[in-house]
Amino acid sequence: MCQVSTGLDPVLSAPVLHRATAGGIRIGAARRSFAEAALLVDEAADAAVSAASRAAWRREATAFHRSARRLLLDAAH
C-alpha cells in the first residue's frame, strides 16, 4: 500500500493486519478442530471399533480440543 505525501517522494506504509481478520482466521481453525474432534468421538463410539482404536481416536480428539481452545484463547488476546 502506497500513500502519496505532499512532497515528491512517496510514503510507504506497512500493511495493517486488523485484529478481526487475524482473529477470524484463528476462530475458523478452531471451528474446524472442534468439528474434527466431534467426528473422531462419533467414530470412536461405533461398536465395531476395537478398544485400541477407540482409545487412540479419543486421545486424538482431546488433542484437537486442546488445540482449538489454544486458538480461541490466542484470538481473545
Side-chain angles (χ1 to χ4, degrees):
M1 176 160 54
C2 181
Q3 297 174 348
V4 179
S5 68
T6 56
L8 298 174
D9 298 341
V11 175
L12 300 176
S13 61
V16 177
L17 295 176
H18 294 284
R19 183 176 179 179
T21 303
I25 292 169
R26 289 184 186 112
I27 290 170
R31 281 184 177 172
R32 288 188 296 277
S33 291
F34 280 131
E36 183 68 25
L39 179 67
L40 287 169
V41 169
D42 287 343
E43 292 292 326
D46 190 11
V49 176
S50 68
S53 295
R54 192 173 308 137
W57 284 346
R58 286 185 180 148
R59 281 192 302 271
E60 194 170 344
T62 302
F64 274 111
H65 275 285
R66 192 176 313 119
S67 175
R69 283 188 299 246
R70 254 182 291 156
L71 284 167
L72 290 176
L73 284 174
D74 187 38
H77 290 121

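In what follows, every heavy atom counts, from backbone to side chain, and hydrogens, waters and symmetry copies are set aside.
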Quiz: residues 27-43 side-chain donor-acceptor pairs under 3.5 angstrom, not counting sequence neighbours:
{"unit_1": "Arg32", "atom_1": "NH1", "unit_2": "Gly28", "atom_2": "O", "d": "3.3"}
{"unit_1": "Ser33", "atom_1": "OG", "unit_2": "Ala29", "atom_2": "O", "d": "3.2"}

Without placing hydrogens or testing angles, list every side-chain donor-acceptor pair under 3.5 Å for residues 58-72, not counting sequence neighbours.
{"unit_1": "Thr62", "atom_1": "OG1", "unit_2": "Arg58", "atom_2": "O", "d": "2.9"}

Side-chain polar contacts of residues 44-56 - donor-acceptor pairs under 3.5 angstrom, sequence neighbours left out - could you list them?
{"unit_1": "Ser50", "atom_1": "OG", "unit_2": "Ser53", "atom_2": "N", "d": "3.3"}
{"unit_1": "Ser50", "atom_1": "OG", "unit_2": "Ser53", "atom_2": "OG", "d": "3.1"}
{"unit_1": "Arg54", "atom_1": "NE", "unit_2": "Ala44", "atom_2": "O", "d": "3.1"}
{"unit_1": "Arg54", "atom_1": "NH2", "unit_2": "Val49", "atom_2": "O", "d": "2.5"}

